[in-house]
2 protein chains.
Amino acid sequence: MEDTSCHPELDPRVEALVTDVIGRVADKWTMIVLEALTQHPVLRFTELVREVTGISQKMLTQTVRAMERDGLLVRTVHPVIPPHVDYRLTDLGHTLSEAFCGVWTWAETNIDRIERARQDFDTRKIR
Amino acid sequence: MEDTSCHPELDPRVEALVTDVIGRVADKWTMIVLEALTQHPVLRFTELVREVTGISQKMLTQTVRAMERDGLLVRTVHPVIPPHVDYRLTDLGHTLSEAFCGVWTWAETNIDRIERARQDFDTRKIR
DNA sequence: TCCATAACTCTCCTTTTGGTAAGTACCGAA
DNA sequence: TTCGGTACTTACCAAAAGGAGAGTTATGGA
């Protein structure tokens with residue numbers, strides 16, 4: 001049998017903080033940007049736009065800013081014309097990427113099960 | 001050195017599916033409900049409301065329905081009055097919980113670093 | 001007769017999210 | 001002199017998220 005819980009929290013103040021961090025970090029775009037920067041250690045803005053399918057410039061700007069603020073990546077501005085900015089993960093970013101790795105793997109291995117569960121659920125609702 | 005990437009995707013169709021699943025599952029409330037049901041294997045609706053601090057009834061209903069549809073939990077209705085419904089994770093739910101465990105741990109161990117990074121960032125922006 | 005109970009569901013309303021498109025800054029090249 | 005390239009920022013707008021609170025259901029108990 002597996003372990004029941006992985007974090008036996010006691011202090012509700014800490015609990016709230018952790019929950020807050022999870023809420024911030026458990027975000028679609030953040031995870032995808034993280035993954036992109038894990039596969040390609042250094043990326044410029046336009047490269048990220050291309051890499052992260054479907055993201056708009058605005059969302060990407062917001063996402064990388066928030067990630068920079070949280071210390072997940074560093075944004076390096078080269079003061080040249082035309083502008084050149086590149087992004088790479090910090091150690092903190094790398095550790096999060098590793099931590100989240102399990103979820104990517106889980107998603108990959110379980111796509112079919114989820115698909116089937118959804119179909120079952122939907123057909124069950126019809127009849 | 002750690003491994004660069006944890007999922008060397010090739011097929012962009014699969015990639016899109018996985019990304020979609022991540023988008024669905026990498027959600028604050030989903031993760032917190034998952035955690036609550038990991039710590040307390042069986043919970044009723046009102047118990048979940050109490051357990052998941054800050055969630056509204058509406059959000060909880062939506063979240064557990066989506067999770068049921070994805071096959072992460074089972075919802076058992078006992079046809080009595082007053083109603084009695086309880087929720088417990090499926091195997092799939094348990095495996096996701098385990099996969100996500102790493103992220104909880106990461107959040108717990110890195111709260112201070114994140115806090116500091118934020119303060120640094122914010123003060124840097126002021127001056 | 002009226003209330004309490006559990007698990008919603010529904011409506012109304014505000015806030016947030018996120019997209020599109022245009023603008024900006026700068027310089028070298030055509 | 002206008003264009004192109006880069007990394008944004010801003011304004012505007014539509015859609016979705018999400019909260020508050022009342023209503024619903026049926027029944028056993030006071």
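In what follows, every chain begins at residue 1, and chains take the letters A, B, ... in the order their sequences are listed. Computed over heavy atoms, backbone and side chain alike; hydrogens, waters and symmetry mates excluded.
Between the C1' atom of D:dG5 and the NE2 atom of A:H84 lies a distance of 13 Å, rounded to the nearest Å.
The closest side-chain heavy-atom distance from A:E108 to B:V21 is not below 4.5 Å. Considering only heavy atoms from C-beta on, A:K28 stays 4.5 Å or farther from B:R24 through its side chain. Inter-residue side-chain proximity for B:L96 and B:L92 is flagged as unmet; no heavy-atom pair is nearer than 4.5 Å.
Using a 3.5 Å distance cut-off with no hydrogens or angles, the side chains of A:R88 and A:T76 do not pair a donor with an acceptor. Between the side chains of A:T30 and A:T63, no donor N or O sits under 3.5 Å from an acceptor N or O.
Atoms CH2 and OG1, from A:W29 and B:T19 in turn, are 8.5 Å apart once rounded to the nearest 0.5 Å.
Taking the six-membered ring for Trp and thresholds of 30 and 60 degrees, B:Y87 and B:F45 have ring planes inclined between 30 and 60 degrees apart.
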### Task
Going 5' to 3' through nucleotides 8-30 of chain D, assign each nucleotide B (protein heavy atom under 4.0 Å from a base atom), S (under 4.0 Å only from sugar-phosphate atoms) or - (no protein heavy atom that close).
BB--------BBB-----BS---
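With sequence neighbours left out, A:H84 forms a ring-ring contact (aromatic ring centres under 6.0 Å, His included) with A:H78.
Of all nucleotides in DNA chain C, those with any atom nearer than 4.0 Å to a heavy atom of chain A start and finish, going 5' to 3', at C:dG18 to C:dC27.
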